[in-house]
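Every value quoted in this text rests on a predicted model; they were computed, and no experiment measured them. Naming convention: chains lettered A, B, ... in sequence-line order (proteins, then strands); numbering from 1 in each chain.
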2 protein chains.
Amino acid sequence: MSTAHGARARARIEVTAAIKDEARRQLAAEGAARLSLRAVARELGMVSSALYRYFPSRDDLLTALIIDAYDSLGGTAEAAHEAAAGSGPLQRWIAVCEAVRRWALDHPHEYALIYGSPVPGYTAPDTTVPPAARVGLLLFAIVRDAYRGLGLARPSLPADLRPEAERMAADLAPDLPPETVAALVAAWAQLFGLVGFELFGQFNRVVQDRETFFRHTAGQLAHGVGLVYPQNGPAARNPAS
Amino acid sequence: MSTAHGARARARIEVTAAIKDEARRQLAAEGAARLSLRAVARELGMVSSALYRYFPSRDDLLTALIIDAYDSLGGTAEAAHEAAAGSGPLQRWIAVCEAVRRWALDHPHEYALIYGSPVPGYTAPDTTVPPAARVGLLLFAIVRDAYRGLGLARPSLPADLRPEAERMAADLAPDLPPETVAALVAAWAQLFGLVGFELFGQFNRVVQDRETFFRHTAGQLAHGVGLVYPQNGPAARNPAS
DNA sequence: CAAAAAAGAGAGCAGTGCTCTTGCTTTGGG
DNA sequence: CCCAAAGCAAGAGCACTGCTCTCTTTTTTG
């Protein structure tokens with residue numbers, strides 16, 4: 001099933017790719033709501049019912065596009081991270097944040113598909129979980145680097161949040177202090193809030209120079225996680241073990 | 001046109017309200033994408049074409065629902081603010097943030113309609129701007145109170161963001177320091193990022209005790225704007241004029 | 001080589017937003 | 001008061017959607 005050979009199997013993966021390509025084209029041009037199976041089939045010169053041999057429903061096609069979008073975003077973010085490999089954690093953090101923003105502005109409909117409101121009655125299958133985690137994992141990696149190397153300030157953590165923070169740390173990054181993990185998860189959500197607000201027009205008539213505003217706010221987010229902000233000079237090395 | 005009298009005019013506003021009510025029901029039950037004009041008409045015992053006398057298109061109906069949703073959210077937030085009128089700015093800030101979150105969890109599809117990805121080719125008309133601003137204005141009011149009264153710390157502001165911060169302050173709140181305005185706008189976006197992530201399932205398998213996590217993060221946001229965080233004791237009164 | 005699996009084509013169903021025409025009822029000016 | 005004008009409901013119809021089912025052709029496989 002997986003590595004079937006023969007002309008038919010080859011044709012199948014080619015047609016599947018062609019369908020996804022055309023669907024992605026329509027998605028980028030018109031948005032997920034206007035993506036039409038019949039239009040995709042028409043454009044590919046096939047009859048609409050034939051398309052159901054490749055994707056059993058419209059939702060399955062969308063799921064494939066969602067996974068691709070997560071992968072594209074994740075890849076872009078990782079590329080930006082590697083391009084900034086020589087710099088310090090703060091610079092790399094900001095580079096990743098800016099890559100996420102850039103990708104969102106370049107692929108608004110794809111961004112809306114993955115971080116906007118879920119479509120109709122759509123519930124994301126588990127297949128989307130690993131690709132969706134890539135950006136988050138990248139942020140964790142940056143913070144982990146800082147924790148093990150140059151130093152990382154510890155955010156404050158009120159007593160009532162400690163149990164939850166420890167739970168999150170155990171699940172996500174047992175090697176990091178719970179307060180750092182909690183702060184990082186918050187920063188992660190806030191980053192996408194920022195991007196979403198700009199992309200979906202909430203900043204119209206409010207923020208003009210969004211580039212500068214975003215860079216500064218991304219730096220503030222890093223600061224909240226414990227990464228040092230330029231002016232503040234070098235932070236203390238992590239005190240505890 | 002506006003204050004027309006007579007049975008016909010009265011009937012018109014009643015039917016308009018009935019349509020909106022039924023549409024809101026379907027929106028809450030199924031989401032914006034599955035809201036169908038024909039289904040609304042069917043449920044109201046009228047024929048679909050008759051509905052077009054009240055709303056010239058589906059988008060116009062959605063716009064009406066969007067405005068109502070903004071108003072509902074704004075009203076809820078304002079009520080929460082007044083209920084906490086006796087408390088300090090930080091408590092009021094958190095009360096408003098929690099009211100926003102609560103409303104979002106209680107009205108997920110309506111929240112998605114206004115803060116999720118924009119529907120098909122929909123562009124929000126200017127009519128939606130004032131209701132959309134209510135929550136933002138409320139946050140401004142809280143910070144303004146703190147600025148004039150108990151004191152407000154000044155966030156840092158790098159040189160390259162100063163022009164933009166001053167522009168924002170001039171537009172939005174000329175009586176507040178530019179660094180405060182910039183920080184407030186960022187916090188505003190981050191608040192909705194947090195709510196959206198929880199609502200749209202991004203926190204699944206990540207954050208368990210979302211209530212506590214949210215309250216703490218809302219406090220951190222307030223701190224970023226300059227409102228004092230409990231442990232830190234009273235802040236310095238605003239130094240400059 | 002024959003049986004089975006896969007693929008394409010076409011018709012058709014139920015649903016959608018929206019338009020247009022046809023009558024009926026309320027409204028307002030002479 | 002009455003009658004034209006405007007407002008409204010109803011129905012038919014268009015072009016589109018996702019999806020299913022049947023029928024035929026092609027390819028793979030035991």
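Closest to the side chain of A:Leu37, out of C:dT25, C:dC18, D:dC19, is D:dC19. In the set C:dA7, C:dT16, C:dC18, C:dC18 carries the atom at the smallest distance from any side-chain atom of B:Arg58. The side chain of A:Arg38 approaches D:dT17 more closely than any other nucleotide in the set C:dC18, D:dT17, C:dT16.
Backbone-only engagement by A:Leu35 is indicated by non-hydrogen atom pairs under 4.0 Å involving sugar-phosphate atoms exclusively.
Heavy-atom distances under 4.0 Å link DNA chain C to B:Ser48, B:Ser49, B:Tyr52 of residues 44-56 of chain B, given in residue order.
Residue B:Ile19 contributes atom CD1, which lies 12 Å from atom C1' of D:dA9 at whole-angstrom precision. In this structure, the CZ atom of A:Arg8 is 10 Å from the P atom of D:dT29, given to the nearest Å. Residue A:Arg42 contributes atom CZ, which lies 18 Å from atom C1' of C:dG8 at whole-angstrom precision. One interatomic measurement links the two molecules: CZ of B:Arg12 to C1' of D:dG7, which rounds to 8 Å at whole-angstrom precision.
Taking B:Thr16 as the reference, nothing meets the side-chain hydrogen bond (donor to acceptor under 3.5 Å, both in side chains) condition, with sequence neighbours excluded. In this structure, the side-chain hydrogen bond (donor to acceptor under 3.5 Å, both in side chains) partners of B:Glu78, at least two apart in sequence or on a different chain, are B:Arg134.
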Enumerate donor-acceptor pairs with a distance under 3.5 Å from any side-chain N or O in residues 18-26 of chain B to protein atoms, sequence neighbours excluded.
{"from": "B:Lys20", "atom 1": "NZ", "to": "B:Asp68", "atom 2": "OD2", "distance (Å)": "3.1"}
{"from": "B:Asp21", "atom 1": "OD1", "to": "B:Arg24", "atom 2": "NH2", "distance (Å)": "3.0"}
{"from": "B:Glu22", "atom 1": "OE1", "to": "B:Arg25", "atom 2": "NH1", "distance (Å)": "2.8"}
{"from": "B:Glu22", "atom 1": "OE2", "to": "B:Arg25", "atom 2": "NH1", "distance (Å)": "2.8"}
{"from": "B:Glu22", "atom 1": "OE2", "to": "B:Gln26", "atom 2": "NE2", "distance (Å)": "3.3"}
{"from": "B:Arg24", "atom 1": "NH1", "to": "B:Asp68", "atom 2": "OD2", "distance (Å)": "2.9"}

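The side chain of A:Ser36 places no N or O atom within less than 4.0 Å of a non-bridging phosphate oxygen (OP1 or OP2) of D:dC16.
For the salt bridge (charged side-chain N to carboxylate O under 4.0 Å, His left out) condition, the pairs that include at least one residue of residues 98-110 of chain B, sequence neighbours left out, are B:Glu98-B:Arg215, B:Arg101-B:Glu198, B:Arg101-B:Glu211, B:Arg102-B:Asp106. Every pair tested for ring-ring contact (aromatic ring centres under 6.0 Å, His included) that includes a residue from residues 20-64 of chain B fails, sequence neighbours excluded, so the list is empty.
Counting heavy atoms from C-beta on, the side chains of A:Phe200 and B:Tyr115 never come closer than 4.5 Å.
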